[in-house]
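Structure first, then comments.
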Amino acid sequence: MSVRVSWFLAALAVVAAVGAIGAADYKAEIEEFRAQQDARLRSETGWLAMDGLFFLTEGDHRFGTGTLNDFVLPEGSASEEVGVFEYRDGETTVRAIEGTTIAVNGEEVTSAVLTPSLSERGADKVTVGDLTLWVHISGDRKAVRMRNPNSEIRRSFTGRKWFPVDDTFRVVARYEPLAEPEPLEVPNVLGDIERYTATAFVHFEIDGQAYSMKGIGRREGRLWFIFRDLTSGQETYPATRFLTSDVPEHGEVVIDFNKAVNPPCAFNPYTTCPLPPPENRLNVRITAGELKYHDDRQTTHQ
C-alpha cells in the first residue's frame with residue numbers, strides 16, 4: 001500500500017471518528033433535553049399537578065370538599081366549606097366563609113379581587129392547604145384552575161415516550177421576520193379563541209420538499225411553533241405538538257423536531273392547549289420528537 005493511499009484511509013478514519021463523536025454528543029444533548037422535559041412535567045408545579053378547571057358564570061360559586069359545593073375540592077384537602085368565588089361583570093372576588101380567612105398571595109384576608117391571567121405567573125394565588133387556585137383566562141371565558149401536587153394524574157404518570165433521535169429532522173430554516181408583528185387567533189381544545197402575536201415565518205426542506213411554519217414571538221428572541229403533521233392521531237398526539245427554536249442568526253434558524261413535545265392536554269384534561277394555525281399543518285410525517293402518551297385516557301381532544 002502506498003504512503004498516499006495509507007494517508008487517505010487514515011484521514012477517512014479520522015473524519016468518521018469525528019462524525020461519530022458529533023453524533024454521540026448530539027444524541028446526549030437530545031436525551032438531556034428530554035430528561036429535563038420529563039422532570040418538569042413530573043414536578044409539583046408541573047402540568048400533571050393540574051387537578052381542576054371550573055368555568056365561572058355570573059354569580060356566586062361555593063367551593064370546598066363538600067359534595068354540595070359548586071366547585072368540589074379533593075376529599076381530605078380542606079374543610080367542607082372554604083369560601084365563595086363571586087363572578088360579576090368579568091371580575092372575580094374570592095370570599096372566605098363567615099368567621100374565617102383565606103390566604104391570597106400569602107396574606108390572610110376575608111375577601112380579595114383576583115387578577116386573572118392566561119398563565120399562572122400573572123395571576124393572584126389562593127392557597128388552601130396543599131392546593132393552589134387562581135383565575136385562568138380561556139379565550140373570552142374565565143375559570144378557576146387548581147393545582148394539586150397529590151393529584152391522581154401526577155401519581156399515576158408512567159413517563160413520556162419519544163421517537164429515536166434522528167438528526168435528519170434537525171433542519172436549518174430560512175428565517176423571514178414579518179414586516180409587522182401580527183395578531184394570531186387560534187382555537188384551543190375547548191373551542192375558546194386564544195390570541196398570540198406571530199413574528200416570523202420559517203422555511204425549510206424535508207426530503208427535498210419545501211415547508212413553512214408561522215412562529216410566535218417569545219422572550220429573548222425565541223420562536224414558538226404550534227404544529228401538526230401526518231403522524232398526528234397515529235404515533236403522536238392528535239391535536240398538536242409544540243416546538244421552540246433558538247434565537248435566529250444571520251437569517252437562519254435551527255428547527256429541531258427531535259425537541260417537539262406534547263402539549264399539556266396530551267396528559268391532563270384540566271388544561272386548555274391551542275390548536276395549530278392552518279400554516280402549521282404540515283403534509284409530511286415528522287417521525288421525531290415526542291410520541292403519544294400511551295395512556296389513552298388522557299388523549300381525548302381531537
Side-chain angles (χ1 to χ4, degrees), residues 43-154 183-197 219 263-265 267-274 301:
S43 74
E44 289 190 355
T45 57
W47 288 109
L48 297 177
M50 298 305 161
D51 202 24
L53 188 68
F54 179 79
F55 279 90
L56 297 166
T57 56
E58 202 77 5
D60 289 353
H61 308 276
R62 296 182 300 165
F63 66 102
T65 57
T67 57
L68 299 183
N69 287 292
D70 301 296
F71 185 12
V72 179
L73 305 183
E75 184 178 358
S77 65
S79 58
E80 286 197 5
E81 295 182 45
V82 175
V84 174
F85 288 108
E86 178 188 348
Y87 186 66
R88 304 272 188 227
D89 299 323
E91 184 176 84
T92 308
T93 301
V94 64
R95 300 195 313 269
I97 61 171
E98 187 174 352
T100 69
T101 60
I102 194 166
V104 178
N105 297 330
E107 182 181 352
E108 293 293 328
V109 297
T110 56
S111 67
V113 175
L114 301 177
T115 300
S117 180
L118 181 62
S119 68
E120 181 182 352
R121 285 190 300 273
D124 290 324
K125 313 291 195 308
V126 177
T127 305
V128 181
D130 290 336
L131 308 177
T132 304
L133 303 97
W134 65 94
V135 181
H136 169 72
I137 298 173
S138 179
D140 295 325
R141 295 193 293 168
K142 305 283 197 320
V144 175
R145 173 171 273 172
M146 178 176 66
R147 184 175 68 238
N148 175 15
N150 302 308
S151 75
E152 172 62 23
I153 292 173
R154 180 170 180 249
L184 179 64
E185 295 188 346
V186 293
N188 65 24
V189 292
L190 300 181
D192 296 317
I193 299 300
E194 296 194 3
R195 297 169 178 86
Y196 301 97
T197 300
R219 294 183 300 278
C265 52
F267 310 103
N268 192 320
Y270 302 118
T271 55
T272 55
C273 305
H301 298 306

Applying salt bridge (charged side-chain N to carboxylate O under 4.0 Å, His left out), run through D51 and R154 and close with a yes or a no.
-> CA-CA 9 Å; D51 202 24; R154 180 170 180 249; over 6 Å; no
Would you say that [X] contacts [Y] through its side chain, given a criterion of any heavy-atom pair below 4.5 Å between the two side chains?
X	Y	result
S77	T65	yes
S111	E86	no
R195	L118	no
M50	M146	no
I97	R62	no
P74	L131	yes

Nearest atoms (heavy-atom pairs only) where [X] meets [Y]:
X	Y	result
A78	L73	CB-CD1, 4.2 Å
I102	V128	CD1-CG2, 4.4 Å
T110	T100	CG2-O, 3.9 Å

Under the salt bridge (charged side-chain N to carboxylate O under 4.0 Å, His left out) test, residues paired with [X] that sit two or more places apart:
X	value
D89	none
E81	none
R141	D192
E120	R147

Not counting sequence neighbours, list each pair that qualifies as a ring-ring contact (aromatic ring centres under 6.0 Å, His included) and has a residue in [range].
range	result
residues 111-152	none
residues 106-125	none
residues 82-123	F63-F85

Check against side chain to side chain contact (heavy atoms under 4.5 Å, CB included), E58 and R88 | CA-CA 6 Å; E58 202 77 5; R88 304 272 188 227; 4.1 Å; yes
Which residues share a side chain to side chain donor-acceptor pair (under 3.5 Å) with T93, sequence neighbours left out | none
If you measure from [atom1] on [X] to [atom2] on [Y], what distance do you get to the nearest 0.5 Å?
X	Y	atom1	atom2	answer
C273	F267	SG	CZ	9.5 Å
S138	L56	OG	CG	11.5 Å
N188	I193	CG	CD1	7.5 Å

Start with the C-alpha distance between L53 and F55, add both sets of side-chain angles, then the distance that settles side chain to side chain contact (heavy atoms under 4.5 Å, CB included), and finish with yes or no.
-> CA-CA 6 Å; L53 188 68; F55 279 90; 3.7 Å; yes
Restricting to side chain to side chain contact (heavy atoms under 4.5 Å, CB included), what partner residues turn up for [X], sequence neighbours left out?
X	answer
T115	D124
S119	S117, R121
V186	L184, Y196, P274, P277

Give a yes or no answer on whether the side chain of N268 reaches the backbone of A49 with a donor-acceptor pair at less than 3.5 Å.
-> no
Does A96 offer a backbone N or O that forms a donor-acceptor pair with the side chain of T101 under 3.5 Å?
-> no
What residues form a ring-ring contact (aromatic ring centres under 6.0 Å, His included) with F71, not counting sequence neighbours?
-> F54
Would you mind telling me which of V109, V113, T127 makes a side-chain contact (heavy atoms from CB on, under 4.5 Å) with V104?
-> V109
For atom CD of E75, decide whether the heavy atoms of other residues, nucleotides or ligands shown that lie under 6.0 angstrom number more than 12.
-> no
Could you walk me through whether R145 and T272 pass the side chain to side chain contact (heavy atoms under 4.5 Å, CB included) test, one step at a time?
-> CA-CA 11 Å; R145 173 171 273 172; T272 55; 3.7 Å; yes
